[in-house]
Amino acid sequence: MFQRFFGRERHANRAITEALYAQIVAAARQTVFYSHWNVPDTPLGRFEMLSLHMFLFQHRLRGESGVAQEVAQVLIDEFFLDVDHSLRELGIGDVGVPKRMKKLAKMFYGRTAAYDDALERNDRDGLTAALARNVRPDAGAWPEASLLADYVTDACNLLAAQTPESIVSGTLAFPVAKGGEQ
């Protein structure tokens, strides 16, 4: 047991979770989201896209047990550590970080509940509305929300086709977001 926590296995697990998290971040940073789909290229816009991709990962591993469940928990912890670090990089002081973290966590879980509900009901219009409400709350009409809803559906299907064994070994694939055509 001591070897597991402090030895090679722990290092290997860390490498796997870092690889998975890097793949989630890369998917969330696809240029087309910001350049063609009008996701705000701001800290909050990037938080929205990272939250969405973290949700997709968590959604895929829901119901899995064992190592997959452990990896899902480690990655959600990593996500919130990354958010904390980003707040500090933005100049938020030690006193303000917990308050903002609480607000961002509430935002994350509220969004994931809305996305999950729409996906479970196979409600594309509901998913599109939830994405528009969360990603572009001040935009009024956001026609690219339907492109993002299609992407989310494609991502769910692609992730569902990946075995838990493949995912927990560090391999994760998200779809490539297509250009700006509607």
Side-chain angles (χ1 to χ4, degrees), residues 20-21 23-64 68-69 71-84 86-87 90 97-162 164 167 172-178 180 182:
L20 289 170
Y21 191 70
Q23 292 167 71
I24 292 167
V25 169
R29 290 186 177 165
Q30 292 182 68
T31 305
V32 72
F33 295 140
Y34 309 96
S35 64
H36 289 84
W37 293 6
N38 294 315
V39 170
D41 193 7
T42 62
L44 192 54
R46 291 186 294 275
F47 169 79
E48 292 294 345
M49 295 309 294
L50 185 55
S51 293
L52 177 62
H53 285 82
M54 184 57 64
F55 159 74
L56 290 165
F57 176 80
Q58 295 290 320
H59 183 77
R60 167 58 188 92
L61 290 183
R62 183 182 308 131
E64 299 291 343
Q69 185 179 37
V71 166
Q73 183 59 54
V74 168
L75 280 174
I76 201 72
D77 294 345
E78 185 70 25
F79 167 69
F80 282 111
L81 283 172
D82 191 29
V83 171
D84 179 282
S86 294
L87 288 173
L90 289 170
V97 169
K99 179 179 170 183
R100 286 192 172 83
M101 284 298 297
K102 184 176 179 179
K103 180 179 179 182
L104 291 170
K106 185 176 178 181
M107 287 170 58
F108 173 77
Y109 287 111
R111 281 148 174 71
T112 60
Y115 302 153
D116 190 50
D117 180 59
L119 288 171
E120 293 300 317
R121 293 183 295 112
N122 200 25
D123 181 3
R124 186 183 181 284
D125 291 338
L127 178 60
T128 302
L131 289 165
R133 183 175 58 249
N134 294 321
V135 177
R136 295 293 309 259
D138 58 343
W142 181 41
E144 295 84 2
S146 63
L147 294 172
L148 189 54
D150 290 341
Y151 172 86
V152 168
T153 302
D154 292 346
C156 283
N157 293 333
L158 183 60
L159 290 166
Q162 297 172 54
I167 293 171
L172 185 64
F174 286 93
V176 174
K178 303 296 183 224
Q182 284 190 349

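We count residues from 1, following the sequence as given.
- Remark: Arg124 pairs with Asp150 by the salt bridge (Lys or Arg N to Asp or Glu O under 4.0 Å) rule, at least two apart or across chains.
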Side-chain atoms of residues 129-140: list all donor-acceptor pairs with protein atoms under 3.5 Å, sequence neighbours left out, distances to 0.1 Å.
from, atom 1, to, atom 2, distance (Å)
Asn134, ND2, Tyr115, OH, 3.3
Asn134, ND2, Ala130, O, 2.9
Arg136, NH1, Asn38, O, 2.5

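- Under the 4.5 Å side-chain criterion, counting only non-hydrogen atoms from C-beta, Tyr21 is in contact with Asp82.
- Annotation: salt bridge (Lys or Arg N to Asp or Glu O under 4.0 Å) contacts of Asp123 (sequence neighbours excluded): Arg121.
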- Task: Take Leu75 and Leu20 through the test side chain to side chain contact (heavy atoms under 4.5 Å, CB included) and record every step on the way to the result.
- Result: CA-CA 8 Å; Leu75 280 174; Leu20 289 170; 3.7 Å; yes
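- Taking CG from Leu61 and CG from Leu56, the interatomic distance works out to 11.5 Å, rounded to the nearest 0.5 Å.
- Summarising the local packing, CG of Asn122 is surrounded by 12 or fewer heavy atoms from other residues, nucleotides or ligands at distances under 6.0 Å.
- The OG1 atom of Thr112 sits 9.0 Å away from atom CD of Gln58, with the distance rounded to the nearest 0.5 Å.
- A donor-acceptor pair is defined here as one N or O able to donate and one able to accept, closer than 3.5 Å; such a pair exists between the side chain of Gln162 and the backbone of Ala173.
- Residues that satisfy the side chain to side chain contact (heavy atoms under 4.5 Å, CB included) test with Ala26, not counting sequence neighbours, are absent from this structure.
- In terms of heavy-atom proximity, Glu64 sits nearest to Gln69 at O-CB, 3.7 Å.
- Distance check, rounded to the nearest 0.5 Å: NE2 of His36 to OG1 of Thr31 gives 10.0 Å.
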- Task: Go through the steps for Lys178 and Val32 under the test side chain to side chain contact (heavy atoms under 4.5 Å, CB included), then give the verdict.
- Result: CA-CA 7 Å; Lys178 303 296 183 224; Val32 72; over 6 Å; no
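- Contact of the Leu127 side chain with the Asp117 side chain is not registered, since no non-hydrogen atoms from C-beta on lie closer than 4.5 Å.
- With Gln23 contributing its side chain and Leu172 its backbone, the two residues share a donor-acceptor pair below 3.5 Å.
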- Query: So Phe57 and Phe174, ring pair (Phe, Tyr, Trp, His ring centres under 6.0 Å) or not? Walk me through it.
  - Reply: CA-CA 9 Å; Phe57 176 80; Phe174 286 93; 7.9 Å; no
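- Between Leu148 and Trp37 there is a side-chain heavy-atom pair separated by less than 4.5 Å.
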For a quick test of your reading: what N or O donor-acceptor pairs under 3.5 Å do the side chains of residues 44-55 make, sequence neighbours left out?
from, atom 1, to, atom 2, distance (Å)
Arg46, NH1, Asp41, O, 3.3
Arg46, NH1, Asp41, OD1, 2.8
Glu48, OE1, Arg111, NE, 2.8
Glu48, OE2, Arg111, NE, 2.9
Glu48, OE2, Arg111, NH2, 2.9
Ser51, OG, Phe47, O, 2.8
His53, ND1, Met49, O, 2.8
His53, NE2, Tyr151, OH, 2.8

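- Leu81 CG to Ile76 CD1: the interatomic distance, rounded to the nearest 0.5 Å, is 11.0 Å.
- Summarising the geometry of Ala28 relative to Phe33, their closest heavy-atom pair is O-CD1, 3.6 Å, with the distance given to 0.1 Å.
- Panel note: side chain Gln73, backbone Ala68; no donor-acceptor pair is recorded below 3.5 Å.
- Between Trp142 and Val39 there is a side-chain heavy-atom pair separated by less than 4.5 Å.
- Taking the side-chain hydrogen bond (donor to acceptor under 3.5 Å, both in side chains) definition, one finds that Asp154 meets it with nothing, sequence neighbours left out.
- For Arg62, the CZ atom counts as densely surrounded, since its 6.0 Å shell holds more than 12 non-hydrogen atoms of other residues, nucleotides or ligands.
- Counting all heavy atoms, side chain and backbone alike, Gln30 lies closest to Pro175 at NE2-O, 3.2 Å.
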